[in-house]
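I am attaching a structure below and will ask some questions about it afterwards.
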Amino acid sequence: MKILFLDQSGKIGGAELSLLDVARPYRDHCLVCLFAEGPFHTLLEQAQIPTCVLATPIAVQKDSSVVKGLSSIRQLMPLIIKVAQLSREFDLIYANTPKALVVGAIASALSQRPLVYHLHDIVSQEHFSAINQRLIVSLANTFAVAVIANSQATKAAFQQAGGRSPTEVVYNGFDIAAFQQIQHDRSTLRQQLGLESRFIVGHFSRLSPWKGQHILIEALKHCSENVTALLVGDALFGEQKYVEQLHQQIEQEGLQHRVRFLGFRSDIPQLMAACDVVAHTSTAPEPFGRVIVETMLGGIPVIAAAAGGAIELVESGKTGWLTPPGDPVKLATCINHCQKHPHHSQEIACNAQAEAVKRFDLAATNEQIAQCLQQVSQTSRVTFSNVLGWFPACW
Ligand code: UDP
Ligand code: GLC
């Protein structure tokens, strides 16, 4: 099957890392079309996945507006027409992000190619404005022959928002061997970081208010002096104000010697192995949470915020811990438990590793996606009249 993948971002976020894994088996007969230049393009090229960049005048911001009304769709028309032309060479269009859905939906009607939408987001007011929720849902309902949701929570939110397209849950898959074959030199890395004698709580996420790095910093006040927070990740989508707030918070609380920012890194498994525990602190429901599974695969204890997909990944007290989102005191209690009971937390981490190996194998999740695509490639296509009918229905 020849697939045209669409993604709005040139940055390396979770949805893009997922796409890298999904597209790889199709690399001899696919094209990944990005709407912005960036390091994700390089990553795709390194994986020898054919890629093109069609830059769009609409600013590509992950957490903000999908499009600001019909005028934005008009501005997107040149891109839509280009994608429609490209897609005639392919059997199927696979939209991986909300703006890719906007473009892919109309292009699919123009080119008469079926559209599949991989939904990586929780369509709710915590993540999208009312108008963008409506836009995503109505485009998916009208144009997508299938939706692939990255968790049950994502599927439920989509349906609650009015989503009616056939929706299948496929969790992110991971290259388990790559995780396990890594020669972790825990002590060397800790030494390089100058943290060999510290109890390290890792946090692996882009810097963004809803990812909740401020909750971990607040929790440090309730942990013992030798606990250090290692913040790995960058502000990918212009969240500079939040970064400044984090630095102010650290200064005000006198925590400069207990928080380290490492920026964006590509050696995640090694860094995770240098940690004593990893905290996930999203204050809004996490759609899936790749970092949670990566921590489990690495055999490191994980504490996750109990909302969205995270609840499906971790069984609290068995394969990690779940704490209420936005609650630094409960988070600190868990960190303190891990510090006081290293054997117990290692036991939990071992359970988690075994569970993650069973549930999140890339070969299995890619097979689920392949079957879904096989089914829908036969499905009837939308026609241009759907586009015309969609405008009044949506607005
Ligand atoms: N990540 C990375 N380098 C960093 C921070 C994060 O490669 O410095 C990766 C991380 O390992 C994970 C992904 O980025 O695979 C983030 O995905 P997740 O689903 O956790 O969150 P998202 O940012 O997509 O909402
Ligand atoms: C999105 C979500 C994240 C998920 C990732 C991969 O970026 O925010 O929770 O893990 O997609 O599906």
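Note that the numbering runs from 1 along the sequence shown for the chain. Ligands are counted one by one from 1 in listed order, and the atoms in each one are counted from 1 as well.
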CA sep, side-chain torsions, deciding dist, call: Phe5, Ile49, side chain to side chain contact (heavy atoms under 4.5 Å, CB included): CA-CA 11 Å; Phe5 293 99; Ile49 298 171; over 6 Å; no
Residue Glu286 vicinity, atoms of ligand 1 by number, heavy atom under 4.0 Å: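 Selected atoms, number and element: 25 (O).
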Side-chain H-bond candidate by donor/acceptor type, Gln213 with Thr281, under 3.5 Å: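 No, because no side-chain N or O of Gln213 sits under 3.5 Å from a partner of the opposite role on Thr281.
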Residue pair Glu16, Lys11: steps toward the side chain to side chain contact (heavy atoms under 4.5 Å, CB included) verdict: CA-CA 8 Å; Glu16 286 68 37; Lys11 309 267 173 75; 5.8 Å; no
Any N/O pair His120/ligand 2 closer than 3.5 Å: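 Indeed, backbone or side chain, His120 has an N or O that close.
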Closest to atom 5 (C) of ligand 1 (judged by heavy-atom distance), picking from Pro269, Ser208, Gly233, Ala15: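 Residue with the shortest heavy-atom distance to the ligand atom: Gly233.
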Glu16 to ligand 1, any heavy atom closer than 4.0 Å: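 False for this residue.
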Ala15 near ligand 2 by a heavy-atom separation under 4.0 Å: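 True for this residue.
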Check: Ile250 and Phe261 side chains under 4.5 Å, non-hydrogen atoms: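 Of all side-chain heavy-atom pairs linking Ile250 with Phe261, at least one is under 4.5 Å.
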Identity of the nearest option to atom 4 (C) of ligand 2, non-hydrogen atoms only, from Asn172, Leu17, Val170, Asn150: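 Nearest heavy atom to atom 4 (C) of ligand 2 lies in Asn150.
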contact_flag Lys211 ligand 1 heavy-atom lt 4.0 Å: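 Distance cut 4.0 Å: Lys211 passes for ligand 1.
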Interfacing atoms of ligand 1 (cut-off 4.0 Å, heavy-atom, Leu17):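 Listed by number with element, the hits are 9 (C), 13 (C), 14 (O), 15 (O).
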Same apolar cluster: Leu193 and Leu216, side chain cutoff 4.5 Å: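 Result: no, two separate clusters.
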Under 4.0 Å to a heavy atom of Arg265 - the qualifying atoms of ligand 1, by number: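 Answer, ordered by atom number: 2 (C), 3 (N), 4 (C), 7 (O), 8 (O).
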Salt bridge (charged side-chain N to carboxylate O under 4.0 Å, His left out) against Lys330, all qualifying residues, sequence neighbours excluded: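 Checked Lys330 against salt bridge (charged side-chain N to carboxylate O under 4.0 Å, His left out); matches are Asp327.
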Sub-3.5 Å N/O-N/O distance, Arg290 and ligand 1: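 Right, the criterion is met.
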Winner among Glu294, Met272, Arg206, His203 once heavy atoms are compared against atom 12 (C) of ligand 1: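 That would be Glu294.
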Any side-chain heavy-atom pair of Leu231 and Arg260 under 4.5 Å: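 When only atoms from C-beta onward are counted, Arg260 and Leu231 do not touch, as no gap falls below 4.5 Å.
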For ligand 1, the portion of Val291 having any non-hydrogen atom under 4.0 Å away: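 Both the backbone and the side chain of Val291 come within reach of ligand 1.
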Ligand 2 N/O within reach of Glu286 N/O, cut-off under 3.5 Å: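 So ligand 2 has an N or O lying under 3.5 Å from an N or O of Glu286.
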Centroid-centroid under 6.0 Å between His120 and His118 rings: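 Between His120 and His118, the centre distance is under 6.0 Å.
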Side chains of residues 301-313: which donor-acceptor partners sit under 3.5 Å, not counting sequence neighbours?
{"unit_1": "Glu312", "atom_1": "OE1", "unit_2": "Gln152", "atom_2": "N", "d": "2.8"}
{"unit_1": "Glu312", "atom_1": "OE1", "unit_2": "Tyr171", "atom_2": "OH", "d": "2.7"}
{"unit_1": "Glu312", "atom_1": "OE2", "unit_2": "Gln152", "atom_2": "N", "d": "3.3"}
{"unit_1": "Glu312", "atom_1": "OE2", "unit_2": "Ala153", "atom_2": "N", "d": "2.8"}

Within-shell test, Val232 vs ligand 1, heavy atom, strictly < 4.0 Å: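 True for this residue.
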Sub-4.0 Å heavy-atom approach of Phe288 to ligand 1: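 Distance cut 4.0 Å: Phe288 fails for ligand 1.
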Atom indices of ligand 1, in the order listed, that fall short of 4.0 Å to a heavy atom of Gly263: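 Result: 8 (O).
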Pair Gln371, Glu367: side-chain N/O donor-acceptor within cut-off below 3.5 Å: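 Yes, a side-chain donor-acceptor pair sits under 3.5 Å.
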